[in-house]
There are 2 protein chains.
Amino acid sequence: MPATPPFDVRPLSRVLKALGDETRLRIVALLSHSELCVCHLVRGLALPQSSTSRHLSVLKAAGLVEARRDGTWVHYRLVPPQNALCRSQVRALVLAFSKQQALSHTVAKLLKSCGPGARR
Amino acid sequence: MPATPPFDVRPLSRVLKALGDETRLRIVALLSHSELCVCHLVRGLALPQSSTSRHLSVLKAAGLVEARRDGTWVHYRLVPPQNALCRSQVRALVLAFSKQQALSHTVAKLLKSCGPGARR
DNA sequence: TAGCCAAATCCGGAGATGCGGATATCCTCA
DNA sequence: TGAGGATATCCGCATCTCCGGATTTGGCTA
């Protein structure tokens, strides 16, 4: 009989570690409402660009977000994790975030304030 | 308009930080099946007693477990977090863990192997 | 009270993590 | 091709986290 519990918590612990940070959780909360590019997040989080980009790379390494290049801009969006347990946990979290109306308003303003779709 | 998203992710980030550790996730997985005392967890995790106790104190500080003293033994059990968002996340996690039959068997053996209810 | 068991805390060190400024890379447009 | 904007990475630093051994604390029983 193995000493470790006979099922693997490692995938989930990796995902929860990535989510267990205030800034990254705020990023996920914003992305729950729309795909966003880095400049939106820099504004929305009021953080230096380097910090924002680094946190995004952590989320990407954890398999929580994917990047899509569009000219000079890079858009990030949430993606469902491979692992089933992780996927159901993240789905529940994103669902809760997406119900937050105040977040929805914030995201709408961000989309207009900068990035490819900003009004000139 | 505040730069921070207008709703507070801090309670959730604290809980996810506590859960974002392989050992602590294994503890929660075991506790999903039964209240257990420290000696059970030391055995089940195959970790030094000091590490086990320290991880339990982290979970307690995060409001995820509570302790109950019974003579020389201290029993730990899961408790629903105060914050509603945390509570729903943890509930889903514990439900998933509690369906793992293999874990259930492991816990049954642990309960017999040591602690107040052990066969002599 | 002495001895013993379970559990919590202390300790020092190794490695991970977060940070912001500076720099590098990639892309677009004139 | 050169300038400039958007993003990624590098850098050094401070802080946090995890670890296991050793010690301390609390409670039971002889």
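In what follows, chains are A, B, ... by sequence order, proteins preceding strands, each numbered from 1. Since the structure is predicted, the reported quantities are computational estimates derived from the model, not experimental observations.
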Q. On DNA chain C, nearest-nucleotide positions of His55(A) versus Gln49(A): which is more 5'?
A. His55(A)
Q | Interatomic distance where CG belongs to Leu47(B) and C1' belongs to dG21(D) [whole Å] | A | 14 Å
Q) For DNA chain C, what residues of residues 17-25 of chain B have any heavy atom nearer than 4.0 Å? A) none
Q. Among Leu56(B), Ile27(B), Leu31(B), Val15(B), whose side-chain contact (heavy atoms from CB on, under 4.5 Å) with Leu64(B) holds?
A. Val15(B)
Q. Got Phe97(A) and Leu95(A) here, is their nearest side-chain heavy-atom distance under 4.5 Å?
A. no
Q) For Arg77(B), which residues count as a side chain to side chain donor-acceptor pair (under 3.5 Å) partner, sequence neighbours excluded? A) Glu66(B)
Q.
Are the side chains of Arg24(A) and Leu19(A) in contact, using a 4.5 Å heavy-atom criterion?
A. no
Q: Show the numbers, then the answer: is there a side chain to side chain contact (heavy atoms under 4.5 Å, CB included) between Thr23(B) and Ser51(B)?
A: CA-CA 9 Å; Thr23(B) 299; Ser51(B) 291; over 6 Å; no
What donor-acceptor contacts under 3.5 angstrom involve side-chain atoms of residues 85-94 of chain B, with partners at least two apart or in another chain?
from	atom 1	to	atom 2	distance (Å)
Arg87(B)	NH1	Pro81(B)	O	3.1
Arg87(B)	NH1	Gln82(B)	O	2.5
Ser88(B)	OG	Leu85(B)	O	3.0

Q) Is there a side-chain contact between Cys39(A) and Trp73(A) (heavy atoms, below 4.5 Å)? A) yes
Q: Round to the nearest Å and state the distance from His40(A) atom NE2 to dA6(D) atom P.
A: 11 Å
Q: Not counting sequence neighbours, which residues clear side chain to side chain contact (heavy atoms under 4.5 Å, CB included) with Ser34(B)? List them please.
A: Leu36(B), Val107(B), Leu111(B)
(Q) Does any part of the side chain of Leu110(A), heavy atoms only, come nearer than 4.5 Å to the side chain of Leu41(A), both counted from C-beta? (A) no
Q. Just wondering, do Lys17(B) and Glu22(A) contact through their side chains at under 4.5 Å, heavy atoms?
A. no
Q: Check whether the side chain of Thr72(A) and the base of dG5(D) form a donor-acceptor pair under 3.5 Å.
A: no
**Q.** DNA chain C-proximal residues of residues 57-71 of chain B, any heavy atom under 4.0 Å
**A.** none
Q | chain B contact limits on DNA chain C, taken 5' to 3' with a cut-off of 4.0 angstrom to heavy atoms | A | dA6(C) to dT9(C)
